[in-house]
Protein chains: 2
Amino acid sequence: MSKIQQRSLYLDVADRVRALIEQGDLAPGERISEKQLCERFGVSRTPLREALKVLASEGLIELLPNRGARVVRLTLKMVKDTYDLMGALEGLSGELACQNISDEGIRAIRVLHDEMLRHYHERNLPDYFRVNQRIHEGILAASANEVLQETYSNLNQRVKRVRYSKKMTDDFWRKAVQDHEHMILALEARDGRRLGQILRDHLCNKLEVASLAGVVEDESLLDVAHS
Amino acid sequence: MSKIQQRSLYLDVADRVRALIEQGDLAPGERISEKQLCERFGVSRTPLREALKVLASEGLIELLPNRGARVVRLTLKMVKDTYDLMGALEGLSGELACQNISDEGIRAIRVLHDEMLRHYHERNLPDYFRVNQRIHEGILAASANEVLQETYSNLNQRVKRVRYSKKMTDDFWRKAVQDHEHMILALEARDGRRLGQILRDHLCNKLEVASLAGVVEDESLLDVAHS
DNA sequence: TGGCTGTATTTTGAATTCATAATACCTCTC
DNA sequence: GAGAGGTATTATGAATTCAAAATACAGCCA
């Protein structure tokens, strides 16, 4: 028995373009040729163009009337602004999680937390990042607010390609872990206000922004952008 | 000399459909016929369908594969979740506004605040609402965070058609004004943390949700929704 | 009469075609 | 040889066409 419900073509195309952007196969500022992508995906221009419209409304690309599309170049300010926003959303997710999460849910987060600590003590950065991310995702899921999750996911998508720059000073790392210690305690106490506060201020965001100074070239994107 | 740069057709169509939804000309749950809208707008299906894709990604309509589109029916939970989110965003806007707003900006908000107070004392609800909204917009603008503004605007668009239900008990109203008194003081003191906290908890949100019990029919939308 | 099956119609999904704006290139002039 | 102007080419915007799925409807049978 095969799958009955077929996803629309434009959704698949949108996913594939998103992946290309995320992986850097389509560089920031790069002009997107419709024909080229059509041939690459083996679809006609109609679904491709529909996909581009969606991606534009998601903020991943920008459409220039009569001149096609190009991948959005992230400015440092855009990334900073987006992180501020994501911080606020994480804060909310913490508050809501404390209201809605089950006791088992808390225990599951605690398990992840302890695992993360082990990776920290072993100075295993990749695994630390991975588990760290799962903790934040877990809290987000526990918020039981789908609009929040969807919004967060969209914002995250926008900055994914510059995230996880892997630079982490000992000092920052120590403070991040300390934040997490306070977080798990607040969660276990179901102190939403406190967890929210911690998450909003969680220096991951600020840290990442700081470390981006080298990754994103501030306003240098304007050299291509004067449309 | 006429306008040179012409907006894309699909953008105009999207705006017009948004307006139809907001005004209630397209009812929640109502099936959207492509042909009908094409004739109404005098465009072909291509730009209309592109517009529908965008509106779907904005959360205003939903696309059912091979069965067209329909206006999203808001559940009470969706509205509640959205308001929670908007509260968090307003909180952030307050924090940022305190960092970025100019002294003139603060004075401008103070003027609006005093005007709002007058409307309150005269029990002029429509003008109160109007000025109230301008205050919140002013703070949002002062945040100088475009991603935030854009995100807020999208969420607001989703719930616009059920907002401003005009029901306001004296008690709620008094508390709302009281919140605003604290807000303007926090702003003038540039106390971002406090202003953020007030805005997050500002009972407008909770109030509106409460008053919605009659406007949005809780889960009754499911009668159409089992796709 | 009520329900089911098969056909006709309508509607959506996607490709193609046509029109127009932008770009590239070539020539002509200075 | 450099730059301006004009034509050819290419790419995009939008309409149309074709294909496939869903819906409506009619006839059939119990």
Side-chain angles (χ1 to χ4, degrees), chain A residues 1-18 20-21 26-27 29-58 60-72 223-227, chain B residues 1-18 20-21 26-27 29-58 60-72 223-227:
Chain A
M1 198 188 269
S2 74
K3 226 181 131 198
I4 293 175
Q5 137 100 7
Q6 52 173 356
R7 266 164 56 91
S8 289
L9 198 46
Y10 86 97
L11 288 175
D12 291 329
V13 172
D15 286 344
R16 295 186 66 176
V17 176
R18 265 190 222 99
L20 290 180
I21 293 174
L26 290 174
E30 182 175 339
R31 181 80 168 278
I32 296 176
S33 160
E34 290 184 6
K35 194 167 65 171
Q36 195 176 318
L37 283 184
C38 284
E39 287 165 2
R40 186 166 189 168
F41 298 151
V43 300
S44 78
R45 281 176 58 218
T46 306
L48 176 76
R49 286 171 57 81
E50 289 173 347
L52 292 182
K53 303 284 186 290
V54 171
L55 295 174
S57 95
E58 288 174 5
L60 285 176
I61 66 173
E62 50 193 342
L63 301 175
L64 316 169
N66 291 313
R67 266 182 296 165
R70 73 164 167 233
V71 180
V72 167
D223 52 4
V224 184
H226 53 74
S227 55
Chain B
M1 197 187 267
S2 73
K3 225 181 131 197
I4 294 175
Q5 136 101 6
Q6 52 173 358
R7 265 165 58 90
S8 289
L9 198 45
Y10 87 98
L11 288 175
D12 291 329
V13 172
D15 286 343
R16 295 185 66 176
V17 175
R18 265 190 221 98
L20 289 181
I21 293 174
L26 288 175
E30 183 176 336
R31 181 78 168 280
I32 296 175
S33 160
E34 290 183 5
K35 193 167 65 172
Q36 197 177 316
L37 284 184
C38 284
E39 288 165 2
R40 188 165 187 169
F41 297 150
V43 300
S44 77
R45 282 177 58 218
T46 305
L48 176 76
R49 287 171 56 80
E50 289 173 348
L52 292 182
K53 303 284 186 289
V54 171
L55 295 174
S57 95
E58 287 174 4
L60 284 176
I61 67 172
E62 51 194 341
L63 300 175
L64 315 169
N66 292 313
R67 266 182 298 164
R70 70 162 169 234
V71 180
V72 166
D223 52 3
V224 185
H226 52 74
S227 56

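Residue numbers begin at 1 in each chain, while the letters A, B, ... track the order of the sequences.
Scored by the side-chain hydrogen bond (donor to acceptor under 3.5 Å, both in side chains) test, Arg31(B) finds no partners at all (sequence neighbours excluded). Applying the side chain to side chain contact (heavy atoms under 4.5 Å, CB included) test to Arg40(A) and every residue at least two apart in sequence or in another chain returns Leu20(A), Asp25(A), Leu37(A). Residues satisfying the side-chain hydrogen bond (donor to acceptor under 3.5 Å, both in side chains) criterion with Asn66(B), sequence neighbours excluded, are absent altogether.
Arg7(B) has its CZ atom 14 Å from the P atom of dG13(D), to the nearest Å. Between the CG atom of Leu52(B) and the C1' atom of dG13(C) there is a distance of 13 Å, given to the nearest Å. Note: CG (Leu9(B)) to C1' (dG13(D)) measures 9 Å, nearest angstrom. When rounded to the nearest whole Å, the span between CG of Leu64(B) and C1' of dA22(D) equals 12 Å. Leu63(A) has its CG atom 12 Å from the C1' atom of dG13(D), to the nearest Å. Rounded to whole angstrom, the span from the CZ atom of Arg70(B) across to the C1' atom of dT23(D) amounts to 16 Å. The CZ-C1' distance, from Arg67(B) to dA22(D), rounds to 8 Å in whole Å. If you measure from atom CG of Leu11(A) to atom P of dA14(C), you get 9 Å, rounded to the nearest angstrom.
Salt bridge Arg70(A)/Glu30(A): absent, no basic N to carboxylate O contact under 4.0 Å.
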Q.
As a quick check of understanding, evaluate side-chain contact (heavy atoms from CB on, under 4.5 Å) for Leu26(B) and Val17(B), giving each step before the final call.
A. CA-CA 8 Å; Leu26(B) 288 175; Val17(B) 175; 4.2 Å; yes
Q | CA sep, side-chain torsions, deciding dist, call: Val43(A), Val13(A), side-chain contact (heavy atoms from CB on, under 4.5 Å) | A | CA-CA 9 Å; Val43(A) 300; Val13(A) 172; 4.2 Å; yes
Q: Would you sort out whether Phe41(B) and Leu9(B) count as a side-chain contact (heavy atoms from CB on, under 4.5 Å), showing the intermediate values?
A: CA-CA 10 Å; Phe41(B) 297 150; Leu9(B) 198 45; over 6 Å; no
Q: Kindly determine whether Glu58(B) and Arg18(B) satisfy side-chain contact (heavy atoms from CB on, under 4.5 Å), including the steps that lead there.
A: CA-CA 10 Å; Glu58(B) 287 174 4; Arg18(B) 265 190 221 98; 2.8 Å; yes
Return the polar atom pairs (N/O with N/O) between nucleotides 6-8 of chain D and the protein under 3.5 Å, or none.
none

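Checking Gly68(A) against Asn66(B), the closest nucleotide of DNA chain D that is more toward the 5' end is the one next to Gly68(A).
Residues from residues 30-51 of chain A with heavy atoms under 4.0 angstrom of DNA chain D, sorted by number: Ile32(A), Glu34(A), Lys35(A), Arg45(A), Arg49(A).
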Hey, can you pull the donor-acceptor pairs under 3.5 Å for the side chains in residues 50-57 of chain B, sequence neighbours left out?
residue  : atom : partner  : partner atom : Å
Ser57(B) : OG   : Ser57(A) : OG           : 2.6
Ser57(B) : OG   : Val54(B) : O            : 3.2

